[in-house]
Amino acid sequence: MIELKNIDVEFGHGGNAFKAVNDVSLTIQDGEVFGIVGPSGAGKSTLVRVINMLQPPTRGQVLIDGRDITKLNRRELRKVRLNIGMIFQHFNLISGSTIAENVAFSLYANKYPKDKIPGRVKELLELVHLPEKADAYPANLSGGQKQRVAIARALANNPEILLCDEATSALDLENTEEIVALLKEINQKTGITIVFITHEMEVAKKLFDRIAFMEQGKLKEISDIYTAFTEPKEPIAKRLVERVLNVTVPEALTVKEDEELLRLSYTGDDSYDPVISMASKNYDITIDIISGKVDYIHNKPFGVMIVILRGAGSEREKALEYIEKNVYKLERLGGK
Ligand code: ADP
C-alpha cells in the first residue's frame, strides 16, 4: 500500500518559491491501477517522483506498506527503490546495447546472480511479448516496442510497484493501445500496483481502476473511473471528461417556442432508446437527437445525449417528468 500524507513540494526560494505539489494526501491499494490526470504543469510528474523519492517532498510522509521512506538513509532507500520500477515518456534505452543487454543492465546493476541473468532476460522479454527482438537494437524498434523493453527493464527485479510517467504520451494511437493492453495484462497476471500519470483521458478510461484529478499542485477529486466519467464533480474533472465524450451543443442552435434543450446522461443501469421512444409515444411531443455518444468503461456503458424536446406546455412538462424519472441524469440546458 502506498500512502501519501500531506505532501508539499516547493521549488524556488523567497519571493520565487511556489508549491508544485500542495498538501496532497492519497492512498493507493495493492494491485490497483491508479491514475493521476491533469493539465500540463499540474504537478503530476513531481508527485509521482515523490513515491520513489526521486523528488523528496518539502513536507509530508510517504508510507510504503506502512514504512515512512522519507526518513531512510541512502542505503535503505536503494533497497526500497528496487521494489519500485519506473518508466518514462522517452524510453531511455541505451542505443548502443541490444534489447537483451538493455534489460540485463538493471539485473547486473542490482547484483542478480550472473548465471541466472540470461534466463531472466528471456522470461522478461516473453512477458512483454518481444522474445524475438533480444538481439535487435533500440533504433530498429517501434515506439511501442521500445516502451515494452523499458517495461521489461523496469520489472527486472520483480518490483511490487510500477510508476509510469506519461508512458504513452510519445506514442501514436496504435502503440498507445498496445502499451495499455500490456500494462493491464501484467497488472492482472502479477498483481503489481501501477501508478500512471497522463494528460490523455482516453488512456485513463481504458487503463485505470481509480483516478485522481490534479490542478495547480492540488488534488481536486478522486474516485473510481466509472464514477469519474459519469459523475465528475469538480470543474477540472468535468472539463477533462467532457473532452472525451465530446458532446457539445452546436453554437448555431436556437431553441424556439415550445422547445427545450436537454442533456441526458446514460449509465449501465438504464438506456435512452426506450425512454425516448416511450416518451414520444405516450405524450404529444417530439424529440430530436442533436448529438450523442455512448462509450464503455470496463465493459459498462455510459454516455451523454443532447436532445430537443418539442411540444406544448403541459405535455412537454409531463414528458420531461417521465424522462427525468427514467434516465440517469437530466439537465435542462434552456428553452421556452
Ligand atoms: P505535470 O507533470 O503535471 O506536467 P510537473 O510536476 O512536471 O507537472 O510540474 C509542476 C510544476 O513544477 C511546473 O510549473 C514545473 O515547471 C515545476 N517544476 C517541476 N520540476 C521542477 C524543478 N526541478 N525545479 C523547479 N520547478 C519545477
Side-chain angles (χ1 to χ4, degrees), residues 2-28 32-62 64 69-70 74 77 81 84-92 143 147 150-151 154 161-171 176 179-180 183 193-223 225 228-229 232-244:
I2 304 165
E3 291 166 277
L4 303 180
K5 292 190 174 170
N6 307 107
I7 298 292
D8 278 356
V9 178
E10 214 171 289
F11 291 122
H13 299 283
N16 292 328
F18 84 104
K19 284 183 182 173
V21 176
N22 192 344
D23 198 22
V24 170
S25 297
L26 55 86
T27 301
I28 301 170
E32 248 192 321
V33 182
F34 186 91
I36 303 166
V37 298
S40 180
K44 306 181 296 292
S45 189
T46 306
L47 184 67
V48 88
R49 289 155 58 87
V50 165
I51 296 175
N52 60 0
M53 289 285 285
L54 274 181
Q55 175 62 60
T58 315
R59 182 177 76 106
Q61 292 177 300
V62 182
I64 309 276
I69 65 164
T70 61
R74 283 170 68 131
L77 196 56
R81 284 196 182 131
I84 309 177
M86 189 160 188
I87 58 172
F88 304 88
Q89 178 172 359
H90 302 292
F91 326 106
N92 303 348
Q147 193 60 294
I151 292 170
I161 298 167
L162 178 64
L163 306 179
C164 309
D165 186 349
E166 297 280 1
T168 53
S169 301
L171 303 177
T176 294
I179 294 301
V180 165
L183 288 173
T193 306
I194 295 180
V195 184
F196 196 108
I197 66 169
T198 184
H199 62 276
E200 300 172 303
M201 290 302 286
E202 280 294 335
V203 171
K205 195 181 81 189
K206 291 196 179 113
L207 181 62
F208 300 172
D209 296 323
R210 274 199 309 145
I211 186 167
F213 293 87
M214 264 187 99
E215 190 179 33
Q216 295 180 341
K218 292 202 176 117
L219 180 65
K220 295 286 187 174
E221 180 166 333
I222 187 164
S223 72
I225 190 74
F229 274 86
K233 289 174 195 72
E234 293 295 320
I236 176 71
K238 283 188 174 156
R239 232 170 28 241
L240 291 175
V241 165
E242 202 70 19
R243 210 172 291 161
V244 176

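Just so you know, ligand 1 is whichever comes first in the structure, and atom 1 is the first atom listed for that ligand. Because the structure is predicted, anything quoted here is derived from the model rather than measured.
Of all atoms in ligand 1, listed by their number and element, those nearer than 4.0 Å to a heavy atom of Pro39 are 3 (O). Heavy-atom contacts of Ala42 reach the following atoms of ligand 1: 1 (P), 3 (O), 8 (O) (cutoff under 4.0 Å). When each atom of ligand 1 is checked for a heavy atom of Thr46 under 4.0 Å away, the hits are 5 (P), 6 (O), 9 (O), 19 (C).
In terms of protein heavy atoms, atom 17 (C) of ligand 1 is closest to Phe18 CZ, 3.6 Å. If you check which protein heavy atom lies closest to atom 8 (O) of ligand 1, you get Gly43 N, 3.1 Å. In this structure, atom 22 (C) of ligand 1 lies nearest to the protein heavy atom Phe11 CE2, 3.4 Å.
Proximity of a side-chain donor or acceptor of Ser25 to a complementary backbone N or O of Asn6 within less than 3.5 Å is detected.
The structure places CG of Asn16 at 14.0 Å from CZ of Phe11, a figure rounded to the nearest 0.5 Å. Separation of atoms CZ (Phe213) and NZ (Lys238) is listed at 11.5 Å; rounding is to 0.5 Å. Distance check: Leu219 CG to Met214 CE gives 7.0 Å after rounding to the nearest 0.5 Å.
In this structure, Gly41 has a heavy atom closer than 4.0 Å to ligand 1.
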> After noting the C-alpha distance and the side-chain angles of Arg239 and Glu215, does the key distance pass the salt bridge (Lys or Arg N to Asp or Glu O under 4.0 Å) rule?
Replying inline: CA-CA 12 Å; Arg239 232 170 28 241; Glu215 190 179 33; 3.1 Å; yes
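Checking atom 5 (P) of ligand 1 against the protein gives a heavy-atom contact under 4.0 Å.
Here's the thing with Ala20: none of its N/O atoms is less than 3.5 angstrom from an N/O atom of ligand 1. Note: an N/O pair closer than 3.5 Å links Ser45 and ligand 1 by distance alone.
With salt bridges taken as basic N to acidic carboxylate O contacts below 4.0 Å, one links Glu202 and Lys205.
Counting only N and O atoms by type, the side chains of Asp165 and Ser45 include a donor and acceptor under 3.5 Å apart.
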